Amino acid sequence: MTTTPTPRQRLAGRRALVTGSTSGIGRAVAEALAHEGATVVVSGRNEAEGAAVVDAITAAGGAAHFIAADLAEGTAAVEQLAQAAAQAAQGPIDLLVNNAAQLIPAQSLLDVDETLLDRALAVNVKAPALLTKAVVPGMLEIGGAIVNMGSINGSVGMAVASLYGATKAAIHSLTASWAAELAGKNIRVNAIAPGPTMTPANAAAHDMLRQLTTGQPDGRPGTGEEVAAAVVFLASDEAAHIHGVILPVDGGYLAAR
Ligand SMILES: NC(=O)c1ccc[n+]([C@@H]2O[C@H](COP(=O)([O-])OP(=O)(O)OC[C@H]3O[C@@H](n4cnc5c(N)ncnc54)[C@H](OP(=O)(O)O)[C@@H]3O)[C@@H](O)[C@H]2O)c1
């Protein structure tokens with residue numbers, strides 16, 4: 001008699017914190033990590049959406065907890081999130097996905113004001129830096145992985161996305177420097193650079209994303225699940241010798257420029 005082997009869960013026993021996982025790409029990442037056996041701490045500001053993600057993960061047989069946090073609120077809020085996440089996951093976080101971001105509508109540099117500049121830097125750059133600083137000490141004992149969410153806008157100039165692109169370029173740079181600093185300490189740091197990606201959260205813009213991507217090699221936007229699959233790989237032991245990459249998940253856009 002032949003038996004079907006149980007699929008191996010690549011992240012069994014891991015404790016993950018995913019920022020901005022109440023919706024969009026972050027939600028897909030949280031669900032994929034849980035599917036691979038990680039205990040996942042879902043985070044964001046929207047408690048109802050956070051609870052819905054936890055319910056979906058639990059209903060699928062995974063383990064998840066929600067911790068509300070506003071990443072624009074600075075050091076105390078971020079440190080509190082790190083602490084509460086470790087408590088909920090019953091041990092130090094060994095997988096951090098810095099995904100949350102302040103998305104910025106297309107705009108000219110002439111329309112960027114100081115308030116928007118401060119907010120974008122606070123959520124997209126300062127918060128991941130502070131959160132990583134708060135989580136790494138717990139990872140030093142046990143090893144771990146950090147996956148940052150960059151963007152093709154971090155590598156390519158785009159006329160209407162200077163501020164957003166600058167925050168994503170900062171994420172790419174932090175990824176390289178953190179990888180160099182932490183590789184010898186059994187912590188791997190990598191990033192994903194998605195191209196235009198359709199998620200339930202941006203459903204109203206799907207037609208626009210389709211139009212935007214007709215000229216790229218595979219001719220279509222990505223999905224949250226496709227980005228999540230890349231996060232799972234970079235987080236897993238299959239990527240044990242991979243440090244500091246900015247992995248495009250962009251349908252070939254960057255390759256063909
Ligand atoms: N979709 C794309 O086409 C695309 C392309 C390239 C890169 N990306 C990157 O992928 C990541 C996810 O994007 P997405 O499209 O999934 O966006 P999204 O659906 O708008 O999700 C953004 C997430 O960030 C959280 N967030 C925003 N501000 C926050 C704050 N102040 N404190 C805590 N959480 C906050 C939101 O949660 P709450 O509302 O609950 O706070 C939400 O869960 C971002 O880093 C984005 O730059 C997206």
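Note that the numbering runs from 1 along the sequence shown for the chain. Each ligand, and each atom within it, is numbered from 1 in the order the structure gives. Note that the coordinates shown come from a computational prediction; the quantities given were computed from them, not determined experimentally.
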Please tabulate, for side-chain N and O atoms in residues 182-192, each donor-acceptor pair with protein atoms closer than 3.5 Å (sequence neighbours left out).
unit_1: Arg188; atom_1: NE; unit_2: Ala239; atom_2: O; d: 3.4
unit_1: Arg188; atom_1: NH1; unit_2: Leu234; atom_2: O; d: 3.0
unit_1: Arg188; atom_1: NH1; unit_2: Ala239; atom_2: O; d: 2.9
unit_1: Arg188; atom_1: NH1; unit_2: Ile242; atom_2: O; d: 3.3
unit_1: Arg188; atom_1: NH2; unit_2: Leu234; atom_2: O; d: 2.7
unit_1: Arg188; atom_1: NH2; unit_2: Ser236; atom_2: O; d: 3.1
unit_1: Asn190; atom_1: OD1; unit_2: Gly244; atom_2: N; d: 2.8
unit_1: Asn190; atom_1: OD1; unit_2: Val245; atom_2: N; d: 2.9
unit_1: Asn190; atom_1: ND2; unit_2: Ile242; atom_2: O; d: 2.9

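- At least one side-chain heavy atom of Pro196 sits less than 4.5 Å from a side-chain heavy atom of Ile152.
- When only modelled atom types and interatomic distance are considered, Thr19 and Asn98 share no side-chain donor-acceptor pair under 3.5 Å.
- For the side chain to side chain contact (heavy atoms under 4.5 Å, CB included) test with Val18, the passing option among Val42, Leu33, Ile25 is Leu33; the others fail.
- When side chains are defined from C-beta on, Ile146 counts as touching Met139, because their heavy atoms get closer than 4.5 Å.
- Contact check for Glu31 versus Val40: no side-chain heavy atoms found under the 4.5 Å cut-off.
- Closer than 4.0 angstrom to ligand 1 sit non-hydrogen atoms from Gly20, Ser21, Thr22, Ser23, Gly24, Ile25, Gly44, Arg45, Asn46, Ala69, Asp70, Leu71, Ala72, Asn99, Ala100, Ala101, Leu103, Arg119, Val123, Met149, Gly150, Ser151, Tyr164, Lys168, Pro194, Gly195, Pro196, Thr197, Ala201, Asn202.
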